[in-house]
Amino acid sequence: MFDRFFQQAEERSGDNDVPIDTSNVPKHIAIIMDGNGRWAKKKGLPRIAGHREGMKVIHRIVEKANDLQVKYLTLYAFSTENWKRPKTEVDFLMKLPEQFLDKELPKLKRNNVKVRIMGDESVLPVHTLRAVHKAVDETAANTGLILNFALNYGSRHEIVNMVKQIGEEIESNTLSPADINEKLLTERLLSSGLPDPDLLIRTSGEIRLSNFMLWQLAYSEFWFTNVLWPDFGEEDLEEAIRTYQQRKRRYGGI
Ligand code: FPP
């Protein structure tokens, strides 16, 4: 069944030679970067080798997205559930933002990229936060692509916290239940200030959301590929965008 699903998806994406319609590029692309572990296993390497390789893909995809004038790129780098992994793997994953930014921050700055973080920062290691905040601060004035790292992010956790905060405000009479609407909730989420993703990409053949942006993805187009994240290239991003451009977005209308 899934084979047919992917086959149909490939058919819809059409000819690789069809140029991307620059007037209809998704403004916000969100990516679940999956398959690092399987990539490493296939090569007889430890799982962390897959994450290292996965990190290397990021700079190419950021550059490509920037070239295509994508305005927002959200990358699911670590979920609230990923703490269940062995400590050595978690420790390694927590070092990746520093490694990536040590090398890439000067280029991100030159390319006018603005870095953002979305997640529960309260339990992230100091060294991880230091690296990310440095990048956020030093790119704050940039006006190009917004690169949003979902780090210790979980959509349910995000929603529970938002509801708690709203409950407290109602209790202290600073908010009335009558003021609660979609706009207010959207502004209270960790993605506040970003438009909803137009396109969600998930690599590695898994077809699920894994607690990622449940509210924000309500009307997004989904694109799944069997390609493992460390093998994901610029041409895969282009294919996802071409497929997106063939979709008819109706938002519940006809
Ligand atoms: C999922 O693959 C991937 C992750 C949990 C981590 C993703 C992180 C990166 C790609 C690098 C992050 C870098 C920066 C700069 C933040 P998996 O390990 O679940 O793969 P598997 O399903 O094949 O085991």
Side-chain angles (χ1 to χ4, degrees), residues 2 29-66 73-109 111 113-121 123-125 127-136 138-139 145-155 157 190 200-213 224-233 236-237:
F2 289 143
I29 299 181
I31 308 185
I32 303 177
M33 309 179 288
D34 198 7
N36 294 347
R38 275 163 286 165
W39 182 91
K41 194 169 174 212
K42 261 176 46 183
K43 294 197 152 28
L45 298 168
R47 290 179 54 82
I48 57 168
H51 295 313
R52 192 182 294 118
E53 207 57 32
M55 177 186 76
K56 290 185 194 160
V57 171
I58 293 179
H59 87 267
R60 294 205 303 269
I61 296 305
V62 170
E63 267 187 14
K64 185 72 194 175
N66 209 5
L73 181 66
T74 295
L75 301 177
Y76 205 5
F78 193 89
S79 78
T80 44
E81 288 71 37
N82 286 153
W83 297 104
K84 293 180 201 147
R85 296 182 177 215
K87 185 173 180 310
T88 46
E89 184 172 339
V90 169
D91 288 349
F92 187 84
L93 284 167
M94 287 299 152
K95 285 193 189 120
L96 289 183
E98 295 164 79
Q99 280 183 24
F100 174 79
L101 291 165
D102 273 355
K103 185 154 177 278
E104 299 296 330
L105 186 55
K107 207 185 300 160
L108 294 173
K109 284 159 84 171
N111 289 343
V113 172
K114 181 171 172 160
V115 177
R116 238 187 97 136
I117 175 171
M118 174 175 88
D120 177 0
E121 297 183 31
V123 287
L124 287 173
H127 62 92
T128 311
L129 282 176
R130 199 185 300 125
V132 178
H133 285 163
K134 177 172 184 277
V136 170
E138 292 185 10
T139 61
L145 175 88
I146 294 182
L147 174 58
N148 182 33
F149 284 110
L151 210 52
N152 194 25
Y153 175 84
S155 199
H157 184 71
L190 294 168
L200 170 82
I201 296 175
R202 184 172 189 151
T203 58
S204 89
E206 306 294 354
I207 307 178
R208 54 176 172 262
L209 285 181
S210 301
N211 201 15
F212 188 50
M213 302 186 91
F224 299 101
T225 174
N226 282 329
V227 174
L228 304 174
W229 177 251
D231 292 328
F232 191 84
D236 297 303
L237 181 66

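Atoms within a ligand are numbered from 1 in the order they appear, just like the ligands themselves. All residue numbers refer to positions in the sequence shown, counting from 1.
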Over 60° means perpendicular and under 30° means parallel, so classify the ring planes of Phe149 and Phe100, tilted if in between. perpendicular

Between Trp229 and ligand 1, find which residue part has any heavy-atom pair under 4.0 Å and reply side chain, backbone, both or neither. side chain

Pair Glu104 + Lys107, salt bridge at N-O below 4.0 Å: yes

Is it the case that over 12 heavy atoms from other parts of the model lie below 6.0 angstrom from the NZ atom of Lys95? no

Structural part of Leu75 in contact with ligand 1, heavy atom criterion under 4.0 angstrom: neither

So is Gly35 close enough to ligand 1, meaning a heavy atom under 4.0 angstrom away? yes

So which protein heavy atom does atom 1 (C) of ligand 1 come closest to, and at what separation? Met33 O, 3.3 Å

For Arg47, which part has a heavy atom under 4.0 Å from ligand 1: side chain, backbone, both, or neither? side chain

Quick one: look at Asn82 and ligand 1, take heavy-atom pairs under 4.0 Å, and tell me if it's side chain, backbone, both or neither. side chain

Are side-chain N/O atoms of Glu81 and Asn211 paired as donor and acceptor at under 3.5 Å? yes

Decide yes or no on salt bridge (charged side-chain N to carboxylate O under 4.0 Å, His left out) for Lys134 and Glu98, but give the supporting numbers first. CA-CA 10 Å; Lys134 177 172 184 277; Glu98 295 164 79; over 6 Å; no

Do Tyr76 and ligand 1 have an N or O pair less than 3.5 Å apart? no

